Student: 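Dumping the structure here so I can ask a few things about it.
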Amino acid sequence: MLTRIDHIGIACRDLDKTVEFYRATYGFEVFHSEVNEEQGVREAMLKINDTGDGGASYLQLLEPIREDSPVGKWLAKNGEGVHHIAFGTGDVDADSEEIRAKGVRVLYDEPRIGSMGSRITFLHPKDCGGVLTELVTAAEPGAHEGH
Ligand code: V0V
Ligand code: CO
C-alpha cells in the first residue's frame, strides 16, 4: 500500500548551488547525499517531515553525472525543474506487480537500489499522465543513518 509521498525529485545542473538555495530560502538541511552510478546521478536528500508509517518525506535534488542518463537527457530537453514524484510503500514488489497488472508499464523487472539503500522502481510517464512516478521501499530503520 502506498502510504506517503516519499520524495519529489528535482533535476538541477549544480547540486551544491541548489542545496544552498534550499538552505538559504527555506532552512532545509542535507540529511543524506550519495552518488548512484547506476542511475547516473549525484543527489542530496533534504528531509521535510517524518510520516505516520515510520518513513519520511524528502526533496531529492539530482545532478546528472552523465549527459546520457535519464536526468541528463531530461535537463537538456526541459531545463531545471521537477523530474519525478515518488510514493512510499512497505512492499514495492507487491505494489509494482499490482500496478503492472493494471496495464501501467513498470520499468524494471526487479526493483533496483535507490537512495539510502532503498528499493525503487519507476512507472512510465506516458502511462501516468506525463508524470514519471517512482515507488520506494525504505531500507530497514537504522540501516542508513543520515550523513
Ligand atoms: C522522459 N519523459 C518524461 C520524463 N522523462 N516525462 C515526464 N517526466 C520525465 N521525467 C518523456 C519524454 O519527454 C518523451 O516524451 C518520452 O518520455 C521519452 O523520453 P526520452 O527523452 O526519449 O527518454 P527515454 O525514453 O530514453 O527515457 C525515459 C524514461 C527514463 C522515463 C524511460 O527517464 C527512465 O528510465 N527513468 C527512470 C530512471 C530515472 O529517472 N532515474 C533518475 C532518478 P515525448 O517527447 O516522446 O512526448 S534516480 C532516483 O530517483 C533515485 C536514485 C532514488 O529516488 O533513490
Ligand atoms: Co527518486
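Indexing begins at 1, ligand by ligand and atom by atom, following the structure's order. Owing to the predicted nature of the structure, the values given are computational and were not obtained by experimental measurement.
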Student: So does Asn49 have more than 12 non-hydrogen atoms from other groups sitting under 6.0 Å from CG?
Tutor: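 Yes - once you tally the heavy atoms of other residues, nucleotides and ligands closer than 6.0 Å, there are more than 12.
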Student: Ignoring hydrogens and angles, tell me if any N or O in the side chain of Asp6 forms a donor-acceptor pair with the backbone of Thr137 under 3.5 Å.
Tutor: no
Student: Among the clusters formed by ILVMFWY side chains lying less than 4.5 Å apart, do Phe21 and Leu46 turn up in the same one?
Tutor: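 Yes; Leu46 is reachable from Phe21 via cluster members.
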Student: Between Arg23 and Glu20, does at least one N-O distance fall below 4.0 Å, as a salt bridge requires?
Tutor: yes
Student: Short question: side chain of Thr133, backbone of Ile85 - any donor-acceptor pair under 3.5 Å?
Tutor: no
Student: Please list, by chain and number, the protein residues whose heavy atoms come under 4.0 Å of ligand 1.
Tutor: His7, Asn36, Gln39, Glu43, Gln60, Pro70, Val71, Lys73, Trp74, Lys77, His83, His84, Leu107, Tyr108, Gly114, Ser115, Ile120, Phe122, Pro125, Lys126, Gly130, Leu132, Glu134
Student: Counting N and O atoms only, with roles assigned by atom type, does the side chain of Arg4 sit under 3.5 Å from a partner on the main chain of Ala56, one being a donor and the other an acceptor?
Tutor: yes
Student: So how many protein N, O or S atoms does the Co ion (ligand 2) have within less than 2.8 Å?
Tutor: 4
Student: Just say parallel, tilted or perpendicular for the rings of Tyr58 and Phe31, cut-offs at 30° and 60°.
Tutor: tilted
Student: Is the backbone N or O of Asp93 less than 3.5 Å from a side-chain atom of Ser96, with the two atoms forming a donor-acceptor pair by type?
Tutor: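 Flag set: sc Ser96 to bb Asp93 pair under 3.5 Å.
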Student: Between Asp127 and Lys102, is there a salt bridge with N-O shorter than 4.0 Å?
Tutor: no
